[in-house]
Amino acid sequence: MLSLYLPQQSWLHRLPAGLKLLTLALTSIALYQFQTMNFMVPVLIATLAIYLSMGKTGLHQLKVIRPLILLFVFLFLFQGLTQDWTGAFLLLGRMLILIWLAHLITLTTRIQQMLDVVTPLFSPLKWIGMRPDSVAFSVILLIRFVPVLLLMLEQLQQAWQSRKGGRQQWKLATPLLINAIRMSDQVSDALAARGGIPRKNTGDTLER
Amino acid sequence: MPWLHAVEYLEKIQEIPLNDKKLVQISLYAALIAAMGLVPPIPFATGIPITLQTLGVMLAGVMLGPWRGFLAVMLFVFVVALGLPVLSGGRGGLGVFAGPTAGFILGFPVAALVTGLVAQLLGKLNLLVAASIGAFVGGILVLYLFGITGFKLITGREWMESITIMMVYMPGDLVKVIATALIAQSVYRAMPSAVAIR
């Protein structure tokens with residue numbers, strides 16, 4: 001499924017999403033405010049401890065930083081060699097903590113829960129004549145569109161190969177876009193036929 | 001009177017409130033950018049793998065125009081924050097906003113806005129030229145401004161160092177500028193109504 005959510009139960013899963021987001025925000029402010037090893041190291045240990053508390057699957061998730069490792073090594077060495085090693089450790093620690101903590105929220109909070117927390121923030125949309133829940137509807141639509149688009153691309157690729165199209169697959173971009181626009185027109189026609197955006201967007205479409 | 005044109009122009013881009021059809025279009029382009037993050041990166045001639053994501057950002061600006069292009073890319077950034085792994089390389093979640101490339105991601109919507117705006121203002125020029133210039137200004141100048149500033153803030157590097165490091169991505173992005181213009185032109189030939197800047 002198109003989500004990073006870990007479908008298991010942990011104490012973090014049970015915490016309210018708003019509280020988790022607030023904790024992340026406060027931690028990031030504190031990390032920039034108190035740039036000392038005495039503060040950074042305990043926070044880093046606490047972060048790792050939370051992952052540990054989620055068992056093997058939790059520890060496995062620490063790999064989220066893998067695409068960034070090379071960049072981190074480079075930044076660490078650069079900072080250490082040109083300035084000081086304490087600064088290098090602080091920089092590295094701060095980036096690791098924030099990425100890992102933020103990832104924890106993503107792992108333990110359903111998309112619907114996140115939407116519920118942030119939807120009230122969209123209430124100013126009323127002032128310009130739009131419904132705040134249209135944001136949640138767009139998100140659901142997007143989640144549905146992505147696999148459809150990938151399927152469309154696959155079909156175009158198969159047709160291309162069966163015509164011996166060669167390797168210049170970028171030429172598929174135009175038909176893909178045209179097909180996609182046609183599909184979106186059909187979707188909006190269907191939506192209009194049903195009387196527009198459904199009044200109540202409950203989690204039905206997202207919880208599977 | 002140039003300022004009269006400006007007023008007329010502002011009225012033209014005022015598309016608030018969005019109707020349902022436009023909302024669906026916005027979701028479609030956001031989904032397109034998301035899908036581009038799931039397709040494996042293409043190793044290009046320069047040896048640097050280019051991801052398609054910024055191509056989607058530039059296309060959204062050209063095809064939807066500044067305002068809806070901005071909203072489509074905002075929606076994409078929003079679902080990344082919600083935790084969908086749709087950023088190139090399967091990344092997603094709040095963690096990416098703490099990473100060194102956060103500036104690029106936050107700059108995406110503005111890049112689409114400027115791309116659309118510039119391409120629209122150059123309406124008298126040939127579509128290929130207008131879209132290229134728009135995509136260059138929005139997708140490269142503006143996006144790199146955000147990306148490099150973010151990189152500098154998060155890593156504490158100096159301006160010149162940050163710029164040098166980020167230049168690695170430049171060749172791939174220049175290719176995407178040309179691709180944006182070519183795609184916009186060929187879609188325009190088949191389906192003129194699909195290109196909002198015309």
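In this text the structure is predicted, and so the values were computed from the model without any measurement. Letters A, B, ... mirror the listed sequences (proteins, then strands); counts begin at 1.
Taking CG of A:Leu107 as the start and CG of B:Leu94 as the end, the distance is 10.5 Å to the nearest 0.5 Å. Here CG of B:Leu182 is found 11.5 Å from NZ of A:Lys171. Values are rounded to the nearest 0.5 Å. Put simply, CD1 on A:Ile105 and CG on B:Leu82 are 12.0 Å apart, with the number rounded to the nearest 0.5 Å. Atom OG of A:Ser138 and atom CG of B:Leu23 lie 3.5 Å apart (nearest 0.5 Å). Atoms CG and CD1, from A:Leu149 and B:Ile33 in turn, are 11.0 Å apart once rounded to the nearest 0.5 Å.
Against chain A, the residues from residues 184-195 of chain B that qualify, each with a non-hydrogen atom under 4.5 angstrom away, are B:Ser186, B:Val187, B:Ala190, B:Met191, B:Ala194 in number order.
Heavy-atom distances place the side chain of A:Phe74, and not its backbone, under 4.5 Å from chain B. For A:Arg144, no part lies near chain B; criterion is any non-hydrogen pair under 4.5 Å. Using a 4.5 Å cut-off between heavy atoms, A:Leu91 contacts chain B through its side chain alone, with no backbone atom that close. Heavy atoms closer than 4.5 Å to chain B are found in the side chain of A:Leu21, but not in its backbone. For B:Phe78, the part lying near chain A is the side chain, with the backbone staying farther off; criterion is any non-hydrogen pair under 4.5 Å. Using a 4.5 Å cut-off between heavy atoms, A:Ile181 touches chain B through backbone and side chain atoms alike. If you measure heavy-atom distances from A:Ile97 to chain B, you find no contacts under 4.5 Å at all. Heavy-atom distances place the side chain of A:Val118, and not its backbone, under 4.5 Å from chain B. Proximity to chain A (any heavy atom under 4.5 Å) is shown, for B:Leu28, by both the backbone and the side chain. For B:Leu55, no part lies under 4.5 angstrom from a heavy atom of chain A. For B:Leu71, no part lies near chain A; criterion is any non-hydrogen pair under 4.5 Å. Only the side chain of A:Leu153 comes within less than 4.5 Å of a heavy atom in chain B; its backbone stays farther off.
In terms of heavy-atom proximity, B:Ala30 sits nearest to A:Leu142 at CB-CD1, 3.2 Å. Across all their heavy atoms, A:Val146 and B:Ala34 have their closest contact at CG2-CB, 3.8 Å. Residue B:Gly95 comes nearest to A:Ile99 through the heavy atom pair O-CG1, 3.6 Å, listed as atom of the first residue, atom of the second, then distance. The two residues A:Leu141 and B:Ser27 make their nearest non-hydrogen contact at CD2-OG, 3.7 Å. Taking each heavy atom of B:Ala98 and A:Leu98 in turn, the nearest pair found is CB-CB, 3.5 Å.
Between B:Thr155 and A:Gln79 the shortest side-chain heavy-atom distance does not fall below 4.5 Å. No side-chain heavy atom of A:Val139 sits less than 4.5 Å from a side-chain heavy atom of B:Leu84. Between B:Val24 and A:Ser184, the closest side-chain pair of non-hydrogen atoms falls below 4.5 Å. You'll find the side chain of B:Arg157 reaches within 4.5 Å of the side chain of A:Thr82, heavy atoms only.
Ranked by heavy-atom pairs under 4.5 Å with chain A, the first of B:Leu59, B:Val79, B:Val96 is B:Val79.
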